[in-house]
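Order of the sequence lines fixes the chain letters, A, B, ..., with proteins taken first and strands second; residue numbering starts at 1 for each chain.
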2 protein chains.
Amino acid sequence: MKATIPDTGAPITPPTGNGGDRQENRHEASLHGEILLRLRDYVVEGNIPEGGRVPERQLCEMLGISRTPLREALKVLAAEGLIELLPNRGARVRQLGQRDLEELFDVMAGLESLAGRLACEAITDAEITAIEQLHYEMYGHYLHRDMHGYFQTNQRIHESIVAAARNETLKTAYANFAGRIRRVRYSANFARKRQRWAEAMREHEAILDALRRRAASELSDILFQHLRNKRTAAIEHLTEPREDAPASP
Amino acid sequence: MKATIPDTGAPITPPTGNGGDRQENRHEASLHGEILLRLRDYVVEGNIPEGGRVPERQLCEMLGISRTPLREALKVLAAEGLIELLPNRGARVRQLGQRDLEELFDVMAGLESLAGRLACEAITDAEITAIEQLHYEMYGHYLHRDMHGYFQTNQRIHESIVAAARNETLKTAYANFAGRIRRVRYSANFARKRQRWAEAMREHEAILDALRRRAASELSDILFQHLRNKRTAAIEHLTEPREDAPASP
DNA sequence: TGGACAAAAAATGAATGCAAAATAGCCGAC
DNA sequence: GTCGGCTATTTTGCATTCATTTTTTGTCCA
């Protein structure tokens with residue numbers, strides 16, 4: 001009954017000197033900011049069913065706060081596209097149809113494509129070496145059929161490229177869209193099809209190659225295609241989810 | 001400075017609340033939504049000086065509402081990156097340094113580049129014809145040295161490309177970033193240098209050409225470069241905001 | 001005169017209260 | 001037994017109120 005939203009290890013400790021500051025992080029000090037972070041994680045991790053109605057009152061009890069800061073956080077989450085607010089009818093977790101997912105993947109593809117382009121202008125040899133390191137690590141996961149490790153390392157590679165672009169605005173936007181997709185991933189529990197792995201590994205090698213040569217346009221193309229292929233795999237998996245146990249309440 | 005926010009149509013509910021008028025509302029007729037739209041336009045149009053402090057109290061009086069819906073709108077605007085909220089210190093219009101502008105232009109470049117790529121997959125001949133029409137119109141403005149008309153038509157062309165991408169998510173993100181830049185443009189009153197015009201016209205012709213051939217990668221490159229050049233011109237203009245006269249390369 | 005300290009004033013952050021709308025619950029009619 | 005209308009409860013939207021924090025102002029002393 002007391003379903004408390006997990007305090008995600010990010011207590012009220014506010015003024016972190018964290019390097020990768022997000023541009024809205026001055027919220028962390030105040031209550032509504034704290035709520036915003038907790039709720040966002042909570043939603044992204046798929047703890048609320050798709051389209052699920054979530055009465056404010058209940059959330060307030062779960063969080064131990066009044067409705068005012070909660071409502072402020074909800075407005076922000078709605079602006080971020082994670083939930084939708086129906087007038088006089090409360091907040092629902094935004095449910096993404098196939099078309100929405102396609103659009104999201106394409107935007108992600110565009111952002112990564114851009115990140116690659118920009119990275120070619122600014123990336124250091126050391127950063128490339130680090131990414132190569134991640135690549136080998138990922139290759140290890142691939143050989144061991146460790147899907148979870150593979151997936152995480154893969155994500156770190158892409159984040160490294162975005163970081164190498166030296167563009168905080170891009171990084172923020174990327175994080176936002178990534179969150180929306182991750183939410184679906186959590187609840188639908190995407191599994192990359194095994195056959196896709198080999199392709200993905202080859203594409204990653206091509207990415208590294210273009211990155212080493214600082215071939216901006218080429219890298220841009222490769223990254224877009226890479227994400228496009230991811231999109232196709234994900235959509236196929238969604239329409240035919242025959243690999244994991246579905247989670248339906 | 002007692003500026004009133006221009007009332008864009010229907011007035012909002014009188015302060016006494018219990019007024020007899022019924023809300024003849026549509027979806028977004030909720031108060032905070034109304035406020036959000038008005039405030040966003042107000043900020044985007046540059047009516048508040050950079051970094052200017054805007055006491056909630058004053059805004060409430062201007063809008064004739066209480067602080068609750070106003071604060072909700074402010075949170076959203078902060079999430080959109082138009083303003084920043086300093087803890088316990090109120091809302092300020094976010095001021096963009098040169099680096100911020102560079103980042104914004106690059107992200108815009110990435111989004112338009114993506115839009116071009118996607119448009120090649122879905123655009124119809126009729127849409128291309130419409131864009132050609134706009135192109136000729138813009139050429140007319142160019143010949144007449146009508147900077148304002150040129151600028152508007154140019155914007156419509158880019159919006160048409162984004163629309164042709166058939167991606168609402170992209171369109172929304174594009175509008176958001178465009179708003180941030182437009183705000184700067186309003187207050188700084190960018191003027192494109194004349195010499196840049198000729199280049200821009202040539203680039204637009206290349207864009208049209210690639211679009212006709214549905215050459216996705218090529219169009220993507222051209223659009224990115226086009227926006228990159230815009231960026232350079234804009235930044236130069238910012239750091240050295242003097243002439244409109246032609247300069248020698 | 002200028003600076004430092006303290007108190008007053010104002011602004012922000014959050015909680016509570018109240019009216020309107022929506023949902024559900026109930027009863028009667030068919 | 002089911003459908004439709006009416007009432008009661010819940011829920012949302014906004015205003016108001018309370019508690020801190022910040023800013024300003026005023027005073028005193030060097």
Over 12 foreign heavy atoms within 6.0 Å of CZ, A/Arg166: yes
Which nucleotide in the list [options] gets nearest to the side chain of [X]?
| X | options | answer |
| --- | --- | --- |
| B/Arg89 | C/dA11, D/dT12, D/dT22 | D/dT22 |
| A/Ser66 | D/dT23, D/dC14, C/dA15 | C/dA15 |
| A/Arg71 | D/dC14, C/dA15, D/dG13 | D/dG13 |
| A/Arg53 | D/dT23, D/dT11, C/dT16 | D/dT11 |

Side-chain N or O of B/His32 closer than 4.0 Å to phosphate OP1/OP2 of D/dG13: no
A/Tyr174 and its side chain to side chain donor-acceptor pair (under 3.5 Å) partner, picked from A/Glu112, A/His158, A/Glu159: A/Glu112
Contact nearer the 5' end of DNA chain C, comparing B/Val54 with B/Thr68: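 Nearest nucleotide further toward 5': that of B/Val54.
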Partners meeting side-chain contact (heavy atoms from CB on, under 4.5 Å) with B/Arg228 (sequence neighbours left out): A/Leu118, A/Glu121, B/Asp106, B/Phe224, B/Gln225, B/Arg231
For A/Gln152, all residues meeting side-chain contact (heavy atoms from CB on, under 4.5 Å), sequence neighbours excluded: A/His148
Side-chain ion pair, A/Glu80 and A/Arg40, N-O less than 4.0 Å: yes
Extract from the structure each pairing of a protein N or O with an N or O of nucleotides 17-21 of chain D at less than 3.5 Å, listing the distance.
none

